[in-house]
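We name chains A, B, ... by the order of the sequence lines, and we start the count at 1 in each one. All of these numbers come straight from a predicted model, not from anything done at the bench.
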Amino acid sequence: MNWAAVFGAAAIIPLLNASIRLAVPTGLAAVGESLCQRAGVLNLSLEGMMLSGAYAAFLATHYSGQPWLGVAAGVGGGMFIGMLMALFSVTLKTEQVINGIALVLLASGLTSFLHVRLFGVTAPERFDPMGKLEIPLLGAIPGVGSVVFDQSPLVYLAVVLIIGVWWTLHRTRFGLAVRAAGDRPGAADAAGISVDRVRAAAILASGAMAGLGGAVLVVGQLGLFAQNVTAGRGWVAIALVIFGRWSPLRVAAGAFLFGFTDALQLRIQSASGGIESDIPFEFFQALPYLVTIVVVVVATARARDDAQPESLGVPYIKGARSS
Amino acid sequence: MTTTVDAVDSPDRPDPGRTGTGRAAGWSSRLGSLGLSAAAIAAAFVLGGILLALAGANPFQAYADMLSGTFGSRFDFSLVLVETAPLLLIGLGLAVAFRARVWNIGAEGQLLMGALAGGAFAIYAPINSRAVMIPAACLVGAAAGGAWGWVVGFLRARWSVNEVISSLLLNYVALRTLEYTIRKPLRDPVGFQPVSETLPDPARLPDVPGLRVHIGLLIGLGLIPVVAYVMRRTPFGFHTRMMGLNRDATEAAGVRTGRLITAVMVVSGAFAGMAGILQVMGPESRLTGNISPGFGFTAIIVALVARMRPVGVLLAAMLIGALTLGGDVIQRTQQVPRVLTIVIQALFVLLILVADRLGRRSR
């Protein structure tokens, strides 16, 4: 195998560039999920939010030819599942794990149903993914410029949003309310915070970000939709929240690690000769999932403090005994 | 103590209005929840009908086609039972896990590992007697599925790694492992497709007399009373139900919950693994990349719709088995994509949650 093709000086910049690109869909969803979990809602519908966003983005781009309209539709598609998640988890106060899993199934069924209904078995024509936008001056910095500042505009948008979530969570009143709702909902309630409203807002924000993640996947990378195109990225994103100890920036760093693994496995697969390789390509396909499991285990095992929000997954019922 | 660990959604604090302490209270609440489930399932079909109409089909005709194509003849009914068999077996295992509030969503991977290990055993083991081969292969499949589930339980017990995440991610690892095995080491050398060779004759499941369904169904049926007994009458079942109600209190009562979580994961994994090898020895007759059209995920719905009750699992498995087959029927007769049935299945669970909530409010 030609290792220079994977790790050589000429290969390393495109590899890191691809890592960032591949990290963005999962990273957006993961950072949104961290906000949602900090508010106390274990949102397992994330994969469904991404899928719904991916499909809305695909449809809008396919029919209008406007990728940015697709991006907006993707946000809406994610928020649609977010609304349902909020209806169940906040209004009806049902078991969050169950309605989350059911919503993933609902999104998977609805998008597949619509796709087969609208396009039959013949795949619709692929459109060109959104192009790169090299930022002037910064893009000219040797090395870093080509890695960071030569990306699709969606990548820059994602970075701004991720920093925005961190800032909101740690520097605003709303962020304080979110953290209170997730740790001590009873105390938050006593302080005049509407726990229900804060949690619903956090779920919708998470839906918007996951939907955007799905849109980036379709509009910014693939240019097509296939059934269950998100392929477990939403579940990986939930794992990254645990890996990042519920802190948005650490979660985003985890997403980069995931993107790097993905970029690396694609690179090694092609460098090692694909189907003829001695190392089975299925191993590389399984690698991002295996790495995710391992990093979650390591992060959980090594954690000194218990960063998990205290009331994560527990419906808040006003007036009920709280722990 | 005959506390009913009730309902699909039981928040951490048990609702005093629902957890009857006497047997009579248990039965009446169980009848009530049966009624709520029936209403929710009916409502899901109504919503499904609206989708059918939007898709340009006549919903009444479509449902009539579904009914006649599933329960209309002995042959069609046999096909429903073939679909029911794996859902019943996996659903029983998941019912145990979910009762403990251990959310195993990795049954798909556990099934695939059971199929892989059991299938490899059936191909290579020099056993010529059906009476030895079939139980032995079942045990190998169950052991492999149980081992795959054990990983999840171990990670949860040792380092509190969330079982939802680890079990789901392991599905992808299992699928790639199976794909590799049938592409290289176990591949049928003369075939064009990446599939294993056909299983030897002693490893082929006979049919249930009079029906065109393999005897795997009988294994599932036989395990219903076993699971019901274990859950109701043994310390394991009692602790499992107690842990589902309140994990901290169970720990405080001296039960080693970590060990129990691992045990529950092994049990549900073993059921899924056995379902996997039965599919290989039954309908599939060889290892292929699509042994399971998502049985492990559908069985989650089965266990939830059944409210984690063993007998309920049988009814739910038949309902959802028939629905899945009905999806194939209406795709043929009404040109409606069969994935519509997945939407209806998701609606089953969501609407049961709604019905429970409304039922609780009116009491």
Residue B:Q193 excluded, over 12 heavy atoms near CD under 6.0 Å: no
Checking A:V97 against chain B: side chain, backbone, both or neither under 4.5 Å from a heavy atom? side chain
Measure across A:A102 and B:L350 and return the closest heavy-atom pair with its distance rounded to 0.1 Å. CB-CD2, 3.7 Å
Give a yes or no answer on whether the side chain of A:Y289 reaches the backbone of B:L170 with a donor-acceptor pair at less than 3.5 Å. no
Using non-hydrogen atoms and a 4.5 Å limit, figure out which bit of A:I242 sits close to chain B: side chain, backbone, both or neither. side chain
With a 4.5 angstrom heavy-atom cut-off, is it the side chain or the backbone of B:L168 that approaches chain A, or both, or neither? side chain
Can you see which heavy atom on A:G109 is nearest to which on B:V343, and at what distance? C-CG2, 3.4 Å
If you look at every heavy atom in B:V339 and A:Q227, which pair is closest and at what distance? CG1-OE1, 4.4 Å
Can you tell me how far CG of B:L353 sits from NZ of A:K93, rounded to the nearest 0.5 angstrom? 14.5 Å
Evaluate the side-chain proximity of B:R183 to A:F281: yes if any heavy-atom separation is below 4.5 Å, no if none is. yes
Does A:R117 use its side chain to pair, donor to acceptor, with the backbone of B:V336 at less than 3.5 Å? no
Using non-hydrogen atoms only, which part of B:V164 is less than 4.5 Å away from chain A: side chain, backbone, both, or neither? side chain
Could you state the interatomic distance from CG (A:L42) to CH2 (B:W103), rounded to the nearest 0.5 Å? 11.0 Å
Grab the two heavy atoms, one from B:A55 and one from A:F113, that are nearest each other, plus how far apart they are. CB-CZ, 3.7 Å
Proximity breakdown for B:L175 and chain A, heavy-atom pairs closer than 4.5 Å: neither
Out of A:A239, A:A107, A:A301, A:P288, which one racks up the most heavy-atom pairs below 4.5 Å with chain B? A:A301
Side chain, backbone, both or neither of A:L44 within contact of chain B (heavy atoms, under 4.5 Å): side chain
Could you point out which residue of B:I300, B:I342, B:T298 forms a side-chain contact (heavy atoms from CB on, under 4.5 Å) with A:L105? B:I342
Look at the side chain of B:R176 and the backbone N and O of A:Q285, then say whether any donor-acceptor pair between them is shorter than 3.5 Å. no
With side chains defined as the heavy atoms from C-beta onward, is the minimum distance between A:I293 and B:L155 less than 4.5 Å? yes
Which heavy atom in A:W235 sits nearest to a heavy atom in B:I165, and how many Å separate them? O-CD1, 4.0 Å
What distance do A:T300 atom OG1 and B:R156 atom CZ have between them, rounded to the nearest 0.5 Å? 10.5 Å
With a 4.5 angstrom heavy-atom cut-off, is it the side chain or the backbone of A:I101 that approaches chain B, or both, or neither? side chain
Atom CZ of B:F98 and atom CD of A:E95: how far apart are they, to the nearest 0.5 Å? 10.5 Å
When rounded to the nearest 0.5 Å, the distance separating OG of A:S108 from CD of B:Q345 is 10.5 Å
